[in-house]
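Reckoned from all heavy atoms, side chains included, excluding hydrogens, waters and symmetry mates.
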Amino acid sequence: MRWKRVGITQNILYNKVGAKMSLRVLVKEEMRDIAMRKDYLIGVATVAQQEQRIRLEYYLVEETRDVSGISLYGMMIKKEMRTEGKIERTQASGKAISYSRDYVERMIQLFMKNAVTPLTMDELIDEYVSREGISA
C-alpha cells in the first residue's frame with residue numbers, strides 16, 4: 001500500500017448539531033490483481049455528546065476494475081467513539097454507487113453535513129439514489 005498526501009484544505013464547516021468539521025484530502029492506493037482502489041479522505045466530523053466523543057471520517061472510494069480504465073465511485077464512513085477511556089471503531093463501505101465522481105461527492109457532502117454514521121449509511125444511500133436518481 002502507498003499513501004500519498006495530495007492536498008489539505010483548511011475549510012471549517014459546522015453540521016446540524018454544531019460539530020466542527022475540517023476538510024482534508026488523503027489518498028490511499030491499493031493494487032489488487034487487475035483492480036485498483038483509491039480512498040480519498042473527503043472530510044472529518046467530530047461530534048461531542050455528554051461524555052462521548054465521536055469522530056467520523058468520510059471517504060470517496062474510486063475503483064478501476066479492468067484495463068478499460070473506467071472508474072466506479074462509492075463511499076466509506078469510519079467511526080471512532082471514545083467513552084471513558086475506551087475506543088470503539090466501526091466502518092461501512094458503499095462501493096460502486098455510480099460512474100459519476102461528482103454525484104458521489106455531493107452525496108458525501110450531504111452525509112457529512114448531517115453526521116451520518118456507518119450504521120445508517122447503506123439505508124441512506126438507497127434513499128438518496130431513489131430520490132435523486134442514478135447519475136452515470
Measure the [atom1]-[atom2] distance between [X] and [Y] for me, rounded to the nearest 0.5 Å.
X: Glu88; Y: Met81; atom1: CD; atom2: CE; result: 4.0 Å
X: Leu72; Y: Glu63; atom1: CG; atom2: CD; result: 7.0 Å
X: Met107; Y: Leu110; atom1: CE; atom2: CG; result: 9.0 Å

[X] versus [Y], closest heavy-atom pair with distance:
X: Val47; Y: Ala115; value: CG2-CB, 4.2 Å
X: Ser71; Y: Tyr99; value: O-CD2, 3.4 Å
X: Val104; Y: Gly74; value: CG1-O, 3.4 Å
X: Tyr59; Y: Ile108; value: O-CD1, 3.5 Å

With sequence neighbours left out, write down each residue that passes side-chain hydrogen bond (donor to acceptor under 3.5 Å, both in side chains) with Thr90, or none if nothing qualifies.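 Thr90: no side-chain hydrogen bond (donor to acceptor under 3.5 Å, both in side chains) contacts found.
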Sorted by chain and number, sequence neighbours left out, salt bridge (Lys or Arg N to Asp or Glu O under 4.0 Å) with Arg101 holds for Glu105
Partners meeting salt bridge (Lys or Arg N to Asp or Glu O under 4.0 Å) with Glu80 (sequence neighbours left out): Arg82, Arg89
Going by side chain to side chain contact (heavy atoms under 4.5 Å, CB included), name the residues that satisfy it together with Gln91, two or more places apart in sequence or in a different chain. Met76, Lys78
Partners passing side chain to side chain contact (heavy atoms under 4.5 Å, CB included) against Leu124 (at least two apart in sequence or in another chain):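 Testing Leu124 for side chain to side chain contact (heavy atoms under 4.5 Å, CB included), a comparison that skips the adjacent residues, returns Phe111, Val116, Thr120, Glu127.
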Are the ring centres of Tyr128 and Tyr103 closer than 6.0 Å? yes
Can you find a heavy atom in the side chain of Thr117 that is under 4.5 Å from one in the side chain of Leu56? yes
Could you check Ile42, Ile125, Val61, Leu60 and say which one makes a side chain to side chain contact (heavy atoms under 4.5 Å, CB included) with Met75? Ile125
